[in-house]
Amino acid sequence: MNVIFMGPPGAGKGTQAERIVSTFHIPHISTGDAFRLAMSQETPLGIEAKGYVDKGLLVPDEITNGIVRERLQQPDCNEGSLLDGFPRTIAQADALDVIMESLGKKIDHVINLGVDRNLLLARLTGRRICKSCGATYHVVFNPPKQDGVCDKCEGELYQRSDDTEEKVGTRLDEYVNKTAPLLEYYRGKGLLREVNGDQDIDLVTSEISSLLRG
Ligand code: ADP
Ligand code: ADP
Ligand code: ZN
């Protein structure tokens with residue numbers, strides 16, 4: 001089963017992906033996580049991506065497509081995958097079709113997490129992430145048991161440098177201009193499933209799970 005999670009920054013893609021991959025036992029592929037890892041290791045990819053990510057801009061398609069092409073070839077993707085935050089442009093979606101076809105795979109579901117734009121800023125500026133395991137929290141909406149400490153692994157929580165009010169504005173503009181047109185693209189292919197991401201986290205998870213179970 002190959003699934004795509006779409007939605008604006010802060011919609012809950014990462015939060016839901018963590019839960020869905022543990023139930024459905026498919027790898028979680030996040031291009032955002034891949035860029036952050038490369039940036040922290042200062043690899044050539046990371047250095048190149050940093051110039052875009054730090055400004056809240058999308059990384060160019062050719063760079064992003066290359067990461068996904070390599071990742072989907074790994075044997076752990078044989079039973080399926082959950083793509084979180086990819087594709088984000090029509091050109092990426094076209095590239096994904098080519099990659100999937102060449103690997104004999106197909107996209108089964110595109111889940112769109114719809115969230116009122118007015119909620120996104122508060123979600124993003126309050127987001128905290130575990131340095132060790134990547135788990136996502138929110139200082140108000142989904143706080144850890146102990147301030148600044150991960151419930152799962154006791155790792156230290158940090159705030160992403162692009163989760164500031166200024167960068168969020170740019171990221172939302174990128175979403176509206178480049179990513180939102182993909183909704184029509186996937187609706188046209190009959191793959192789009194809409195989920196209301198404004199609801200309680202557990203409720204969103206159960207709606208996604210039942211869609212995936214078909
Ligand atoms: P995305 O990966 O789509 O950018 P995240 O999953 O990182 O979104 O969620 C953004 C922030 O909003 C995080 O701090 C997360 O804890 C919080 N969050 C996620 N889902 C919900 C929800 N349904 N209700 C309230 N807060 C949420
Ligand atoms: P969010 O959780 O807020 O949706 P991500 O962690 O998915 O954000 O992405 C963070 C940043 O990484 C983006 O603002 C962008 O710079 C880059 N990025 C992630 N995925 C893509 C993609 N598919 N295409 C281009 N850039 C991407
Ligand atoms: Zn952790």
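Source: prediction; values computed, not measured. Start at 1 and go down the list; that is how both ligands and their atoms are numbered.
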So which of R128, H138, R123, M6 gets nearest to atom 24 (N) of ligand 1, if we judge by its closest heavy atom?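 Nearest heavy atom to atom 24 (N) of ligand 1 lies in R123.
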Which option out of E174, R88, K50, R171 puts a heavy atom nearest to atom 4 (O) of ligand 2?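 Considering heavy atoms of E174, R88, K50, R171, the nearest to atom 4 (O) of ligand 2 sits in R88.
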Please report whether ligand 1 has a polar contact with [X], defined as an N or O pair separated by less than 3.5 Å (distance criterion only).
X    : answer
D200 : no
Y137 : yes
R127 : yes
P9   : no
A11  : yes
G12  : yes
G126 : no

Quick one: look up the protein heavy atom nearest [atom] and list residue, atom name and how far away it is.
atom                    : value
atom 6 (O) of ligand 1  : T15 OG1, 2.6 Å
atom 25 (C) of ligand 1 : F141 CB, 3.6 Å
atom 8 (O) of ligand 2  : R160 NH2, 3.3 Å
atom 27 (C) of ligand 2 : F35 CE1, 3.7 Å
atom 26 (N) of ligand 2 : V59 N, 3.0 Å
atom 11 (C) of ligand 2 : V53 CG1, 4.1 Å

[X] and [Y]: side chain donor to acceptor below 3.5 Å:
X    : Y    : answer
S81  : N2   : yes
Y158 : D163 : no
T179 : R88  : no
R127 : H138 : no

Numbering as shown, the atoms of ligand 1 that approach G197 to under 4.0 Å (heavy-atom distance):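 Close to G197: 23 (N).
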Please list, in number order, the atoms of ligand 1 under 4.0 Å from a heavy atom of G14.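 Near G14, meaning under 4.0 Å from one of its heavy atoms, ligand 1 has 1 (P), 2 (O), 6 (O).
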Under 3.5 Å between any N/O of [X] and any N/O of ligand 2: does that happen in this structure?
X   : result
L58 : no
S30 : no
G85 : yes

Output yes when a protein non-hydrogen atom is found under 4.0 Å of atom 17 (C) of ligand 2, and no otherwise.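 When distances to the protein are checked, atom 17 (C) of ligand 2 has a heavy atom within 4.0 Å.
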Under 3.5 Å: donor-acceptor pair, side chain of Q159, backbone of R128: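 Flag not set: sc Q159 to bb R128 has no pair under 3.5 Å.
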Q16 side chain to I201 main-chain N or O, any donor-acceptor pair under 3.5 Å?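 Indeed, once roles are kept as given, a pair shorter than 3.5 Å links the two residues.
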Relative to the heavy atoms of [X], which atoms of ligand 2 are at a distance of less than 4.0 Å?
X   : result
K13 : 4 (O)
T64 : 22 (C), 23 (N), 24 (N), 25 (C)
Q92 : 22 (C), 23 (N), 24 (N), 25 (C)

Which pair of heavy atoms, one from [X] and one from [Y], lies closest together, and at what distance?
X    : Y    : value
D108 : L191 : O-CD2, 3.7 Å
D54  : S161 : OD1-OG, 3.8 Å
M39  : G46  : CG-O, 3.3 Å
T164 : T125 : C-CG2, 4.4 Å

So which bit of L57 gets within less than 4.0 Å of ligand 2, heavy atoms only: side chain, backbone, both or neither?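 Looking at L57 and ligand 2, just backbone atoms fall under 4.0 Å.
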Residue part near ligand 2, for R36, under 4.0 Å between non-hydrogen atoms: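 It is the side chain that touches ligand 2; the backbone stays farther off.
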Around atom [atom1] of [X], are there more than 12 heavy atoms from other residues, nucleotides or ligands closer than 6.0 Å?
X    : atom1 : value
D147 : CG    : no
Q41  : CD    : yes
E194 : CD    : yes
E79  : CD    : no
K105 : NZ    : yes

Metal-centred angle, the Zn ion (ligand 3) as apex - SG of C130, SG of C153, 10° resolution: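 My answer is 100°, to the nearest 10°.
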Assess Q199 for proximity to ligand 1: is some non-hydrogen atom of it under 4.0 Å away?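 Yes, Q199 has heavy atoms under 4.0 Å from ligand 1.
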Is there a continuous path of hydrophobic side-chain contacts, each under 4.5 Å between heavy atoms, that joins V115 to L183?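 Unlinked, V115 and L183 end up in two clusters.
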